[in-house]
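Structure first, then comments.
Below, chain A is the first sequence line, B the second, and so on; all start at residue 1.
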Protein chains: 2
Amino acid sequence: MTRLVPRLDAEESAAWLSLVSLLELLPSALDSQLQRDSGLTHYEFAVLSNLRFSPDQTQRMSALATATNATLPRLSHVITRLENRGLVERVPCPEDRRATNARLTDAGRRDLVRATPGHIEFVRRTVIDSLDREQLDQLTAIASAITRKLDPEGKFAALPDPQ
Amino acid sequence: MTRLVPRLDAEESAAWLSLVSLLELLPSALDSQLQRDSGLTHYEFAVLSNLRFSPDQTQRMSALATATNATLPRLSHVITRLENRGLVERVPCPEDRRATNARLTDAGRRDLVRATPGHIEFVRRTVIDSLDREQLDQLTAIASAITRKLDPEGKFAALPDPQ
DNA sequence: ACAAATTGGTTGTTGCTGCAACCATCGTGC
DNA sequence: GCACGATGGTTGCAGCAACAACCAATTTGT
């Protein structure tokens with residue numbers, strides 16, 4: 001029986017293993033930091049950040065869902081919880097009565113603004129400061145190349161630049 | 001009020017955003033592929049792979065948990081499910097009667113061997129083939145550097161080399 | 001030798017995500 | 001202008017993970 005898929009050679013394997021470790025460790029580290037310091041999930045943080053930089057701090061549910069790479073049911077549940085905590089509110093969309101807009105409240109904006117510096121600092125400490133300038137560019141190229149394969153249309157917008 | 005944490009500049013921001021996209025898209029893509037083609041979670045796959053390359057296809061629960069970066073309760077539940085599906089069995093540890101060993105069954109080994117080529121092929125298509133040789137080395141260095149910050153003792157062993 | 005502390009695992013509860021079913025509104029074709 | 005499909009969103013249910021509480025076996029201290 002011939003091997004249709006060649007196994008990974010030493011360099012490929014090293015790259016893959018180190019990437020797997022990263023995928024395993026970094027997301028949970030990010031979540032822990034945000035949860036501990038701000039009571040926010042990384043996903044909730046992404047939702048709030050997205051709203052913050054949208055016109056009128058408002059976005060359609062469906063747009064917000066694709067921008068955060070989530071299913072609509074997931075977003076709906078998350079928005080419900082955030083609404084109960086007073087960080088977000090649902091507003092019926094005037095142009096399309098099927099649609100719902102999610103809007104960041106003042107309290108939500110306040111919490112987000114409070115959470116952001118600590119998050120950036122953590123990102124800097126764990127990621128940015130581990131790399132030199134050259135590696136920063138390399139990382140951008142590498143991650144973009146892989147992402148392009150997974151999301152060719154670039155529908156997933158990631159986080160807006162936290163600032 | 002002075003800004004204690006300098007915001008990210010353009011290059012830093014680009015690197016971070018592209019990395020976030022990767023963290024968001026790749027794990028779910030890996031999970032979908034494995035789930036669809038083999039009925040295994042990525043985590044279950046990691047557990048089985050780890051057992052496969054352990055002496056006597058056996059590992060202590062606690063060792064297996066740290067090697068897969070999981071809490072002990074999580075592993076215990078997963079092993080219970082895998083045991084119900086006949087892919088793994090629990091064996092009391094002779095040397096320490098508190099301890100439990102998890103052992104890969106023949107059926108488990110068979111399923112794993114079946115699942116592996118498709119998984120490798122997917123990894124190749126999405127990750128490896130997106131990069132050139134130079135980038136492969138760069139990725140190894142970058143991911144290792146970040147991982148070192150998150151897990152200085154290197155307790156997390158990642159997957160053993162799938163082959 | 002025995003009490004206390006530590007280690008190794010399991011079980012129960014709660015919270016979040018995915019999927020499927022569902023309802024309401026909008027657009028299209030006739 | 002009305003039926004039908006498509007779109008936008010919510011709700012209910014099932015499965016998995018985190019945390020805490022718990023039990024059993026072992027080690028430590030005296």
Considering the options T80(A), T100(A), N101(A), which one meets the side-chain hydrogen bond (donor to acceptor under 3.5 Å, both in side chains) requirement together with R90(A)? T80(A)

Are side-chain N/O atoms of K149(B) and T126(A) paired as donor and acceptor at under 3.5 Å?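 No.
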
I'd like to know if the side chain of Q59(B) pairs up with that of S54(B) as donor and acceptor (distance under 3.5 Å, no hydrogens or angles considered). yes

Between [N] atom [atom2] and [X] atom [atom1], what is the distance in whole Å?
| X | N | atom1 | atom2 | value |
| --- | --- | --- | --- | --- |
| H77(B) | dG8(C) | NE2 | P | 19 Å |
| Y43(A) | dT17(C) | OH | C1' | 11 Å |
| E24(B) | dT17(C) | CD | P | 10 Å |
| L75(B) | dA18(D) | CG | P | 12 Å |
| L72(B) | dA21(D) | CG | C1' | 14 Å |
| E83(A) | dT10(D) | CD | P | 9 Å |
| N84(B) | dT11(C) | CG | P | 11 Å |
| R74(A) | dA20(C) | CZ | P | 17 Å |

Taking the side chain of [X] as its heavy atoms from C-beta onward, which of [options] lies nearest to it?
| X | options | answer |
| --- | --- | --- |
| T71(A) | dC26(C), dA17(D), dG18(C) | dG18(C) |
| R81(A) | dC16(C), dG8(C), dA17(D) | dC16(C) |
| S76(A) | dT10(C), dT10(D), dG12(D) | dT10(D) |
| S62(A) | dT17(C), dA18(D), dG8(D) | dG8(D) |
| R60(B) | dG12(D), dT10(D), dG8(C) | dG8(C) |
| D96(B) | dG8(C), dT10(C), dT25(C) | dG8(C) |
| P73(B) | dC16(C), dA20(D), dG9(C) | dA20(D) |

Would you please confirm or rule out a distance under 4.0 Å between OP1 or OP2 of dC26(C) and any side-chain N or O of R97(A)?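 Indeed, a polar side-chain atom of R97(A) lies that close.
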
Using a cut-off of less than 4.0 Å, is there contact between a side-chain N or O of T100(A) and OP1 or OP2 of dG8(D)?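 For dG8(D), OP1/OP2 do not have a side-chain N/O of T100(A) under 4.0 Å.
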
Walk me through whether N50(A) and L64(A) qualify under side chain to side chain contact (heavy atoms under 4.5 Å, CB included). CA-CA 8 Å; N50(A) 225 299; L64(A) 196 49; 3.7 Å; yes

Using a strict threshold of under 4.0 Å (side-chain N to carboxylate O), is an ion pair present between R124(A) and E12(B)? yes

When only distance counts, do a donor and an acceptor, one from the side chain of R98(A) and one from the base of dT7(D), lie under 3.5 Å apart?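 Answer yes: a donor N or O sits under 3.5 Å from an acceptor.
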
